[in-house]
Colleague: 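First the structure, which I've put down as structure tokens, then a few questions once you've had a look.
Given the structure is predicted, the values throughout are model-derived calculations rather than measurements.
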Amino acid sequence: MHSKTRLSYAIRRAILIGTVSSISLSTNVFAQDSEGAQNFEKISVTGSRIKRSDTETASPVTMLGADDIAALGATSVDGVLQKLTAMGGAMTNPGINNGSGGNASIDLRGLGSQRTLVLVNGRRMINSGTGAASTVDLNTIPVSMIARIEVLKDGASAVYGTDAVAGVVNVILKDDFEGLEANYNGAISGEGDAQESSFDITLGGSSDRGNFVLGIQYTDRGDASQADRKFSECPLDEGDNGLFCAGSDYAEGGHIWNSNVNDKKESLAVDNGISGLGGQYHRFTDADRFNFSQDSYLFTPMERLNLTGIANYELNYDTKLFAEFTYTKRWSEQQMAPQPVWFDFEYTESMGDALLSQTWDQGVRDEDGEFVLDAQGNPVFTETNYAYGDMISYGRRMSDTGTRDFSQVVDTVRAVIGAEGAIGEYYWDFSANFGRNDSVDRLTNLHNMGSIQDDIATGAFNPIDQAAWTTENMQDYLYTEQNSGGSQLFMLSGSLSGELFELPAGYAGFAAGFEHRSEKAWFIPDSLTAQGLANDPKVEPTAGGFDVNEAYLELALPVLEGQFLAENVEVSAAVRAFDYSTFGSDNTWKLGFTWTVNDQFMFRGVASTAYRAPTVDELYSGNSPSFERVTYPGAQDQAEVTVGGNSMLTPEEAETLTFGLVFEPSFIDGVSMTVDYYNIDISNAIATVDDQFIVDQCLASTANTGTALCQSANVRIDATGRIRFNNQLQNIGSEKTSGVDVNVKYAFEAAGLDWKASLDTTYLDEYVVQVTGAPVDYAGLITSGSGGYADFKTNLKLNVTGNDWDATYNARYIAGMDSFSCLNDDSCLAPSTPGVVYHDLSANYYLNDTVTLRAGVNNLLDKQPPYYTGNNDSNTDPYTYDVLGRRFFAGVNVKL
């Protein structure tokens with residue numbers, strides 16, 4: 001027996017039990033069976049490419065099994081992963097109506113989904129979604145085919161390459177299934193909406209030489225409306241008398257401002273303009289604002305079809321061929337309030353006299369052209385009647401023609417073929433990985449503002465006449481925006497692993513390999529949008545790609561064995577060199593150790609560097625408008641920001657450190673505990689300057705208008721009070737996060753039943769982001785657009801198993817957070833959120849060996865999401881909180 005396999009059963013049990021579910025190390029098994037050789041298993045652990053026998057790596061890994069997925073009634077991967085305590089930030093999910101595009105993402109450590117690498121069976125997954133996608137859409141991974149999910153919570157660029165900065169999600173699919181299994185699952189909210197149904201069939205067979213598994217899953221998810229929940233039925237705002245139902249300046253019947261003055265900052269401070277609501281023009285008041293919540297989804301609908309095929313075939317005792325195929329077709333929708341339009345024109349006699357009796361507040365100027373101020377320093381205004389020849393700024397909510405309806409049709413295919421085998425004590429593999437994502441996204445009920453403005457100029461369209469805006473008259477101006485896009489991945493990889501030589505404490509292991517990867521992506525905007533003939537500014541196309549060649553080497557060196565306070569000590573190291581066609585060459589490395597003190601204690605740690613290469617979208621994305629919340633006196637709270645790529649971007653760089661303890665006390669049978677500290681420091685981060693910082697620097701202070709920042713931003717305010725500026729990507733940021741993960745597990749018997757309890761907790765000590773200006777520590781803060789960063793998250797799980805049934809209780813705690821928007825504002829009515837606890841229950845009843853019934857309820861107490869000042873959408877943060885409320889689910893499983 002090799003000396004490296006002599007770990008005692010107690011030590012192996014401590015490591016394995018102490019790490020399963022919270023920090024577990026799982027296995028991909030390849031068995032060698034040759035004449036004259038013993039059968040044995042070589043284990044490939046997520047985070048290492050070295051195949052070993054009964055050993056551990058230095059990195060913490062969380063494992064989720066198929067039972068964990070079923071216990072939550074989840075029909076998609078994000079429904080499980082987003083609930084882990086190590087997740088945070090902005091994870092797209094069905095509750096994200098504005099801008100999600102139907103995607104589902106994962107955000108480990110809250111560092112952004114682009115910094116979490118997603119693998120399927122240990123190999124890179126194709127980026128997917130709409131446009132030139134730069135992250136993996138979790139909808140492309142079929143839940144029904146998942147054997148387990150391994151989440152590596154450590155930087156792993158030296159092992160896996162780019163994107164593995166915060167960690168790795170490795171989804172292991174069923175590749176040895178035999179028989180027939182079918183599932184039907186249904187779900188509905190406590191309000192009777194958001195109905196969901198899912199049906200899947202898995203078929204598998206095997207022979208002496210190989211096996212195959214085929215799977216199909218169809219999911220149909222219904223919608224819920226913001227209008228059907230008290231907390232979201234109207235957009236809330238804060239006034240002197242508390243919260244009130246507010247809305248948008250772009251209102252029904254039109255909103256008119258006189259734009260004859262050049263400096264609208266002063267005039268807009270008191271001039272609210274004129275409203276045409278109800279068919280009669282009058283001074284605009286809060287009652288004229290448009291309630292856009294009533295037309296917005298709270299929970300977005302989707303249909304999804306997943307097809308999967310996996311096959312293995314043994315050519316001989318030493319060589320096996322394998323193939324994997326997945327295909328996903330997704331139909332998803334979002335709905336938002338009718339389109340807000342805005343434009344300028346000259347008021348002429350041909351438009352009628354409806355405005356002549358209306359007034360606007362004109363700022364009084366002195367002989368030098370400066371505004372006259374009163375004793376308090378406020379501009380002095382005089383009430384002035386509208387007149388022919390005035391320049392008009394006009395905004396309108398197009399409820400005349402209906403809601404904006406977004407839809408996506410996304411096709412994603414991934415195919416892997418390869419071979420693996422053994423030559424003596426050495427293991428090799430070679431594979432080709434191809435993936436392609438194609439998307440078409442549509443937006444209906446848009447208005448061709450170029451044509452409308454042309455007709456205004458010729459007198460064919462009178463914007464002052466309310467009858468001109470009727471649905472019938474608008475038909476000639478309506479159009480559907482249709483964009484297309486996609487991405488493609490091709491990857492060749494090969495590796496060799498085995499044992500190099502024997503040391504006094506065991507055999508030195510190694511893994512070495514090469515990878516060649518080509519990626520490209522594209523986005524083709526609608527022709528009207530590309531020309532700027534729609535209401536929004538023009539959107540430019542995206543096209544580009546890159547190639548990269550990489551080589552890596554990994555070593556595992558046993559240092560001590562069977563010594564006092566050193567039952568086993570191993571040192572590991574890895575290095576990866578890479579050469580990108582876009583920016584050149586570099587390398588990354590990893591050093592780690594495991595120190596098994598005795599049967600009860602093991603220490604582990606990893607120090608490494610990591611990197612994230614800029615994606616095609618970040619490099620070559622065309623300029624497009626983005627509407628972001630900002631605060632500035634007299635201006636609208638949404639700025640129009642021009643964003644886009646930058647072909648001069650270079651990789652993000654990171655230094656990571658993890659250090660942990662695995663403890664299984666001998667005096668309490670069935671108890672295990674892990675504690676792991678993490679620290680991730682990212683430099684050269686790809687980011688845009690904070691939008692509010694640009695506004696503060698370039699509008700609030702005239703001293704900075706000549707700086708490079710303000711010159712490139714080109715900040716200005718239009719006649720409607722909308723702030724406009726440029727904010728493209730740059731390598732200008734830094735991010736640092738650190739914290740502690742703690743897991744406690746206890747397995748015991750009581751009352752004739754088997755019990756398992758686990759408690760997972762993540763403490764976020766800091767998450768410091770600096771782009772320009774002073775650094776901001778987001779730990780304990782919740783934002784208006786990038787999610788929440790609770791300093792404490794805890795999951796409690798209790799499972800009990802009887803003879804023919806089992807039940808699971810989950811409690812999920814999210815600590816209270818302070819609103820980022822209120823850090824420097826004492827007037828906030830809701831500057832923080834309370835701590836929130838969600839309770840989930842589920843149970844299985846094994847009717848017989850063939851049929852299993854399951855049912856459960858999530859958010860048992862119907863906990864409503866909290867309101868906070870500076871919220872994101874639905875008056876809360878759907879990235880962080882459950883917006884759907886109590887949800888019931890039930891299903892049946894049949895195995896033959």
Colleague: With side-chain hydrogen bond (donor to acceptor under 3.5 Å, both in side chains) as the criterion, how do Tyr427 and Glu420 come out once you've worked through the C-alpha distance, each side chain's angles and the decisive distance to 0.1 Å?
Modeller: CA-CA 7 Å; Tyr427 296 86; Glu420 62 182 2; over 6 Å; no
Colleague: If we check side-chain contact (heavy atoms from CB on, under 4.5 Å) with Val559, which of these qualifies: Leu503, Asn568, Val569?
Modeller: Val569
Colleague: Going from CZ on Phe501 to CD on Glu499, what distance comes out if it is rounded to the nearest 0.5 angstrom?
Modeller: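 Rounded to the nearest 0.5 Å, the CZ-CD separation comes out at 11.0 Å.
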Colleague: What are the two closest non-hydrogen atoms of Ala164 and Ala610, and how far apart are they?
Modeller: O-CB, 4.0 Å
Colleague: With side chains defined as the heavy atoms from C-beta onward, is the minimum distance between Ile106 and Met87 less than 4.5 Å?
Modeller: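 Heavy-atom side-chain distance check passes, below 4.5 Å.
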Colleague: Would you check, one step at a time, whether the test side-chain contact (heavy atoms from CB on, under 4.5 Å) holds for Val169 with Val171?
Modeller: CA-CA 6 Å; Val169 174; Val171 182; 4.2 Å; yes
Colleague: Per the salt bridge (Lys or Arg N to Asp or Glu O under 4.0 Å) rule, what does the pair list look like for residues 134-144, sequence neighbours excluded?
Modeller: Asp137-Arg330
Colleague: Nearest 0.5 Å, what's the NZ-CG distance between Lys83 and Asn795?
Modeller: 9.5 Å
Colleague: Assess whether side-chain hydrogen bond (donor to acceptor under 3.5 Å, both in side chains) is satisfied between Ser738 and Glu766, documenting all intermediate values.
Modeller: CA-CA 5 Å; Ser738 62; Glu766 63 174 346; 3.2 Å; yes
Colleague: With a cut-off of under 6.0 Å to the ring centre and 45° to the axis, is Arg109 in cation-pi contact with Tyr678?
Modeller: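 Flagged: Arg109 positioned over aromatic ring of Tyr678.
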Colleague: Can you tell if the side chain of Arg604 reaches within under 4.5 Å of the side chain of Asp676, non-hydrogen atoms only?
Modeller: yes
Colleague: Okay, side chain of Arg49, backbone of Val159: is any donor-acceptor separation there less than 3.5 Å?
Modeller: yes
Colleague: Mind checking the CG-CD1 spacing from Leu119 to Ile141? Nearest 0.5 Å is all I need.
Modeller: 9.5 Å
Colleague: Between the side chains of Asp760 and Asn743, does any donor sit under 3.5 Å from an acceptor?
Modeller: yes
Colleague: Assess, by modelled atom type and distance only, whether the side chains of Thr62 and Lys153 contain a donor and an acceptor separated by less than 3.5 Å.
Modeller: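 Judged by distance alone, the side chains do pair up.
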Colleague: Is the number of heavy atoms from other residues, nucleotides or ligands within 6.0 Å of CD (Gln770) greater than 12?
Modeller: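 Atom CD in Gln770 is crowded, with more than 12 foreign heavy atoms closer than 6.0 Å.
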Colleague: Lys797 vs Asp68, test: salt bridge (Lys or Arg N to Asp or Glu O under 4.0 Å). Steps then yes/no.
Modeller: CA-CA 10 Å; Lys797 179 179 179 180; Asp68 297 301; 2.4 Å; yes
Colleague: Checking the side chain of Asn731 only, and the main-chain atoms of Glu652 only, is there a donor and an acceptor separated by less than 3.5 Å?
Modeller: no
Colleague: List the steps, then state whether side-chain contact (heavy atoms from CB on, under 4.5 Å) holds for Met602 with Glu664.
Modeller: CA-CA 9 Å; Met602 186 189 81; Glu664 183 180 12; over 6 Å; no
Colleague: Around Leu492, counting heavy atoms of other residues, nucleotides and ligands shown, do more than 12 lie under 6.0 Å from its CG?
Modeller: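 Count over threshold, so yes.
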Colleague: For Ser495, what residues pass the side-chain hydrogen bond (donor to acceptor under 3.5 Å, both in side chains) criterion, not counting sequence neighbours?
Modeller: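 Expected list: Asp429.
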Colleague: Could you go through the side-chain hydrogen bond (donor to acceptor under 3.5 Å, both in side chains) check for Ser157 and Thr588 one step at a time?
Modeller: CA-CA 7 Å; Ser157 287; Thr588 185; 5.1 Å; no
Colleague: Looking only at heavy atoms, which two atoms of Val744 and Met673 are closest? And how far apart?
Modeller: CG2-CG, 3.8 Å
Colleague: Check whether Asn587 reaches the backbone of Arg576 with its side chain - one donor and one acceptor, N or O, closer than 3.5 Å.
Modeller: no
Colleague: Quick one: does any side-chain atom of Thr116 pair with a main-chain N or O of Leu108 as donor and acceptor, under 3.5 Å?
Modeller: yes
Colleague: Could you tell me whether the side chain of Asn646 and the main chain of Leu619 form a donor-acceptor pair under 3.5 Å?
Modeller: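 Side chain of Asn646 to backbone of Leu619, a donor-acceptor pair under 3.5 Å: no, none is there.
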Colleague: Taking Gln563 for its side chain and Glu561 for its backbone only, find out whether a donor-acceptor pair lies under 3.5 Å.
Modeller: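 Such a contact is found between Gln563 side chain and Glu561 backbone.
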Colleague: Tell me whether Lys736 is salt-bridged to Glu655, with the criterion being a basic N under 4.0 Å from an acidic carboxylate O.
Modeller: no
Colleague: With a 4.5 Å limit on heavy-atom distance, are the side chains of Met63 and Ile149 in contact?
Modeller: no
Colleague: Please answer whether the main-chain N or O of Leu173 pairs with a side-chain N or O of Asn121 as donor and acceptor at a distance below 3.5 Å.
Modeller: yes
Colleague: Taking the six-membered ring for Trp, are Phe601 and Phe603 parallel (under 30°), tilted (30 to 60°) or perpendicular (over 60°)?
Modeller: parallel
Colleague: Between Leu496 and Phe510, is a side-chain contact (heavy atoms from CB on, under 4.5 Å) present by the stated rule, with each step listed?
Modeller: CA-CA 8 Å; Leu496 180 69; Phe510 83 99; 4.1 Å; yes
Colleague: Output yes when a side-chain donor or acceptor of Thr308 lies under 3.5 Å from a complementary backbone atom of Thr326, and no otherwise.
Modeller: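 Here the side-chain-to-backbone pair does not exist.
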Colleague: Could you tell me which non-hydrogen atom of Ala512 sits nearest to which non-hydrogen atom of Leu553, and how far apart they are?
Modeller: CB-CD1, 4.0 Å
Colleague: Could you tell me whether the side chain of Leu111 reaches within less than 4.5 Å of the side chain of Glu735, counting heavy atoms only?
Modeller: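 Of all side-chain heavy-atom pairs linking Leu111 with Glu735, at least one is under 4.5 Å.
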Colleague: Is it true that Arg115 and Asp107 have a side-chain N and a carboxylate O under 4.0 angstrom from each other?
Modeller: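 Looking at Asp107 together with Arg115, the answer is no, because their closest N to O distance does not fall below 4.0 Å.
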Colleague: How many angstroms lie between OG1 in Thr650 and CZ in Phe583, if you round to the nearest 0.5 Å?
Modeller: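 One gets 8.0 Å once the value is rounded to the nearest 0.5 Å.
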Colleague: Counting C-beta onward and ignoring hydrogens, is there a side-chain heavy-atom pair between Met491 and His516 closer than 4.5 Å?
Modeller: no
Colleague: After noting the C-alpha distance and the side-chain angles of Lys793 and Thr761, does the key distance pass the side-chain hydrogen bond (donor to acceptor under 3.5 Å, both in side chains) rule?
Modeller: CA-CA 6 Å; Lys793 283 187 174 183; Thr761 298; over 6 Å; no
Colleague: Contact between Val151 and Val168 at the side-chain level, heavy atoms closer than 4.5 Å - yes or no?
Modeller: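 Of all side-chain heavy-atom pairs linking Val168 with Val151, none is under 4.5 Å.
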Colleague: Would the number of heavy atoms belonging to other residues, nucleotides or ligands and lying under 6.0 Å from CG of Asp67 be above 12?
Modeller: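 No, CG of Asp67 has 12 or fewer neighbouring heavy atoms, counting only those of other groups under 6.0 Å.
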Colleague: Within the structure provided, determine whether Phe322 and Ser431 are in side-chain contact (heavy-atom separation under 4.5 Å).
Modeller: yes
Colleague: Using distance alone, with no hydrogens and no angle criterion, decide if Tyr611 and Glu653 have a side-chain donor and acceptor under 3.5 Å apart.
Modeller: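 Absent: no donor and acceptor within the cut-off.
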Colleague: Any side-chain donor-acceptor pair under 3.5 Å between Glu554 and Ser48?
Modeller: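 On atom types as modelled, these side chains qualify, holding a pair under 3.5 Å.
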Colleague: Check for a donor-acceptor pair, side chain of Asn170 on one end and backbone N or O of Gly122 on the other, with a separation under 3.5 Å.
Modeller: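 Present.
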Colleague: How long is the straight-line distance from OH of Tyr552 back to CZ of Phe514, given to the nearest 0.5 Å?
Modeller: 9.0 Å
Colleague: Which residue is it: Thr412, Asn127, Thr140? I am looking for the one with a side chain to side chain donor-acceptor pair (under 3.5 Å) to Asn437.
Modeller: Thr412
Colleague: Counting N and O atoms only, with roles assigned by atom type, does the side chain of Asp78 sit under 3.5 Å from a partner on the main chain of Ser105, one being a donor and the other an acceptor?
Modeller: no
Colleague: Tell me whether the guanidinium CZ or amine NZ of Arg124 lies under 6.0 angstrom from the six-membered ring centre of Tyr160 and within 45° of its axis.
Modeller: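 Here Arg124 fails the 6.0 Å and 45° test against Tyr160.
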Colleague: Would a 4.5 Å heavy-atom cut-off, applied to side chains only, mark Leu64 and Ile69 as touching?
Modeller: no
Colleague: Go through the structure and list residues passing salt bridge (Lys or Arg N to Asp or Glu O under 4.0 Å) with Glu519, not counting sequence neighbours.
Modeller: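 Result, salt bridge (Lys or Arg N to Asp or Glu O under 4.0 Å) vs Glu519: Arg517.
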Colleague: Does the side-chain contact (heavy atoms from CB on, under 4.5 Å) test come out yes or no for Val77 and Val143, once each step is laid out?
Modeller: CA-CA 6 Å; Val77 181; Val143 166; 4.1 Å; yes
